[in-house]
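Worksheet: one structure, shown below.
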Amino acid sequence: YGWIYADGTAGQDLNDFIGGGTISNIPSGGTTGQVLQKVSNTDYDIDWGTLATVSVIDYGAVGDNLTNDTAAIQAALTDVGLTGGTLYFPPGNYLINAALTVPAFVRLAGSGPLSSVIRSTSATSNVLTLTNSYVQVNSLGLVGTTGLVKTAGSAIGATNAQGCSFTNLYISESNLE
């Protein structure tokens, strides 16, 4: 794997990093050392075992079905998104009141779709929003608003997301889009 770092130059030739290709649309204005995109010579065959695994509990999520865990989970997603890796959800019911935005090269993993549940209290937002590629969601429950009429949003909202995989999920009380 290679990492592409910002040096203030957008659209630079990155042949040395990706073995003969180029990457375009690199965001300008980055800071030196900031990871912008992870690349692989094998079409993004990600070895998740080599990347960090952190727990949402480490960021202050409680998972008690009472506490709003939105900010804690989003902070964990943002941090894991800097280098890629796995965000683990131990058994619990994690309440959120806004969509969680999942960065590229992040895997969400739970203990099982009925034991690690992300439960939305919003009648209008997605549970998860993916606008990046190469995301995995495994062994989680994604539950919408129970007892409320959901007027917008879905369990997983994805735009321009390629190479994503979803396995062993329980989806309930949500629209599928």
Self-check item: Linked, directly or transitively: Tyr88 and Val135 (ILVMFWY side chains, under 4.5 Å)
Solution: no
Quiz item: With hydrophobic residues grouped by side-chain heavy-atom distances under 4.5 Å, do Val137 and Leu77 end up in a single group?
Solution: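 Both belong to a single hydrophobic cluster.
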Pairwise distance [atom1]([X]) to [atom2]([Y]) - rounded to 0.5 angstrom:
X: Thr70; Y: Ile118; atom1: OG1; atom2: CD1; answer: 10.0 Å
X: Ser122; Y: Ile96; atom1: OG; atom2: CD1; answer: 8.5 Å
X: Tyr94; Y: Asp64; atom1: OH; atom2: CG; answer: 9.5 Å
X: Asn138; Y: Leu169; atom1: CG; atom2: CG; answer: 7.5 Å
X: Ile57; Y: Asp69; atom1: CD1; atom2: CG; answer: 7.5 Å
X: Leu87; Y: Leu100; atom1: CG; atom2: CG; answer: 9.5 Å

Looking at side-chain heavy atoms only, is the closest gap between [X] and [Y] below 4.5 Å?
X: Phe89; Y: Ile73; answer: yes
X: Asn65; Y: Val117; answer: no
X: Pro103; Y: Val80; answer: no
X: Asp79; Y: Val54; answer: no

Self-check item: Donor on one side chain, acceptor on other, Ser139 and Asn168, under 3.5 Å
Solution: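 Their side chains do contain a donor-acceptor pair, which is all the 3.5 Å distance test asks for.
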Practice problem: Check the pair Leu108 / Leu128 against side chain to side chain contact (heavy atoms under 4.5 Å, CB included), numbers first and verdict last. | Solution: CA-CA 10 Å; Leu108 305 182; Leu128 302 177; 3.9 Å; yes
Which pair of heavy atoms, one from [X] and one from [Y], lies closest together, and at what distance?
X: Ile171; Y: Ala155; answer: CG2-CB, 3.5 Å
X: Gln136; Y: Ser165; answer: CG-OG, 3.1 Å
X: Val106; Y: Gly81; answer: CG2-CA, 3.7 Å
X: Ser120; Y: Val127; answer: CB-CG2, 4.0 Å
X: Pro90; Y: Val56; answer: CD-CG2, 4.0 Å

Quiz item: Counting only N and O atoms by type, is there a donor-acceptor contact under 3.5 Å from the side chain of Ser116 to the main-chain atoms of Ser111?
Solution: yes
Practice problem: Fit a plane to each ring of Tyr134 and Phe105, take the angle between them on a 0 to 90° scale, and name the class: parallel (under 30°), tilted (30 to 60°) or perpendicular (over 60°). | Solution: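 It falls in the parallel class, under 30°.
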